[in-house]
Each structure stands twice: as C-alpha cells, then as structure tokens.
Amino acid sequence: VFHRNWVRFQAQPSAKEKFMIARQIIKSSIDNKATFTLNLSYIVRITTMENMKVLEQQFIAKQELQSAEIARLFDPVVREVKTLIAENHWNKFVASIRRLQHKSFDV
C-alpha cells in the first residue's frame, strides 16, 4: 500500500496534489493506528508525522506549500524501508529464487 501511494505521490506535478496523497500515506501507512502500518523506527515515524503537521498547518493557513519540502517528506521512510528489506528479506528472497532455479533443472 505504501509503495503504490508513494509512486503516485512522486508522479504528482503540484505541491497541492502531493500534499493530498501525503495525507493518504500518513493515514494508511505511517500513523500508529494505520491499517497497513510500516515497521518504522520511533524517530522516523515521529519526525515524519511532525513534518506532516507543519505542512497541514501551512495548508490550513492557506500558505503556499513548497514542492521541494513536500517531495522530501517520505525520504527517511523510504530509506528505512529499503534497509529493512535488505537486512531482513532480500537474502531469503534470493535463496528461494536459487532453490526454484535448481528445482527447474531437476526435471
């Protein structure tokens, strides 16, 4: 869910569109009460939530949203997810592919 929304987020040309998708990402993947909560460190989760609150306050105050600031909102989340995948899942995935490859030659 996060990846699908993050790809949509990145593809948006305007800051307002990015902001709207960012709200969805927070609700679905970052917030502790989210349905598909990511396994993030406390510091990354809290920092992302705080940065989003600042953006929401700017939006409510009708201040212009900075596209570059919004674009970087999920950078720490993405780095952490990539690290978690590499450390916890990648080697198992590669090993399972190798087992499948060996089985296909044993026909």
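Fair warning: this is a prediction, and the values are worked out from it, not measured in the lab. Just so you know, residue 1 is the first one in the sequence shown, and it goes up from there.
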query: Between the side chain of Lys18 and the main-chain N/O of Ile70, is any donor-acceptor distance below 3.5 Å?
result: no

ask   = Are Val54 and Met49 linked, directly or through other ILVMFWY residues, by side chains that come within less than 4.5 angstrom of each other?
value = no

Do Ile85 and Val78 sit in the same hydrophobic cluster, where Ile, Leu, Val, Met, Phe, Trp and Tyr count as joined when their side-chain heavy atoms come under 4.5 Å apart? yes

OG of Ser96 to CZ of Arg99, rounded to nearest 0.5 Å, is 5.5 Å

When rounded to the nearest 0.5 Å, the distance separating CD of Gln24 from CZ of Arg4 is 9.0 Å

Worksheet item: Cluster question for you: counting only ILVMFWY and a side-chain heavy-atom cut-off of under 4.5 Å, with indirect links fine, are Leu73 and Met20 together?
Response: yes

Practice prompt. Just do the side-chain contact (heavy atoms from CB on, under 4.5 Å) check on Lys82 and Glu87 with the steps written out, would you?
Written response: CA-CA 9 Å; Lys82 285 181 179 180; Glu87 290 177 355; over 6 Å; no

So CD1 of Ile25 and NE2 of His3: to nearest 0.5 Å the spacing works out to 11.0 Å

The test is side-chain hydrogen bond (donor to acceptor under 3.5 Å, both in side chains); show your working for Glu50 and Thr47 and say whether it passes. CA-CA 5 Å; Glu50 287 174 355; Thr47 302; 5.2 Å; no

Leu55 and Leu65 have their tightest heavy-atom pair at O-CD2, 3.7 Å

Requested in this report: Find out if a path of hydrophobic residues (ILVMFWY) with successive side-chain heavy-atom gaps under 4.5 Å connects Leu84 to Val44.
Outcome: no

Inset, instruction - Could you walk me through whether Phe36 and Lys27 pass the side-chain contact (heavy atoms from CB on, under 4.5 Å) test, one step at a time? - result: CA-CA 9 Å; Phe36 302 100; Lys27 288 178 185 175; over 6 Å; no

Mind checking whether Ser28 and Thr35 have side chains closer than 4.5 Å, heavy atoms only?
no

Any donor-acceptor pair under 3.5 Å from Arg45 side chain to Ile30 backbone:
yes

Closest heavy-atom pair, Ser29 versus Ala34, reported as atoms and distance to 0.1 Å, is N-CB, 3.7 Å

### Task
Taking atom CD of Gln63 as the centre, report whether more than 12 heavy atoms of other residues, nucleotides or ligands fall under 6.0 Å from it.
yes

Margin query: Side chains of Phe19 and Met52, heavy atoms from C-beta outward: is any pair under 4.5 Å?
Written below: yes

### Task
Run the numbers on Val81 and Asn39 for side-chain contact (heavy atoms from CB on, under 4.5 Å), then give the verdict.
CA-CA 8 Å; Val81 167; Asn39 183 17; over 6 Å; no

(Q) Does the plane of the ring in Phe2 sit parallel, tilted or perpendicular to the ring in Trp6? Use 30° and 60° as the thresholds. (A) parallel

Sorted by chain and residue number, the salt bridge (Lys or Arg N to Asp or Glu O under 4.0 Å) partners of Glu56 (sequence neighbours excluded) come out as Arg23

Going by atom types alone, do Thr83 and Glu80 pair a side-chain donor with an acceptor below 3.5 Å?
no

Here the gap from Phe59 atom CZ to Lys16 atom NZ, rounded to the nearest 0.5 Å, amounts to 5.0 Å

request  = Dump the intermediate steps for side-chain contact (heavy atoms from CB on, under 4.5 Å) on Ile26 and Thr48, then the final yes or no.
outcome  = CA-CA 9 Å; Ile26 294 290; Thr48 304; 3.9 Å; yes

Heavy atoms of Thr37 and Asn32 approach each other most closely as OG1-O, 3.5 Å

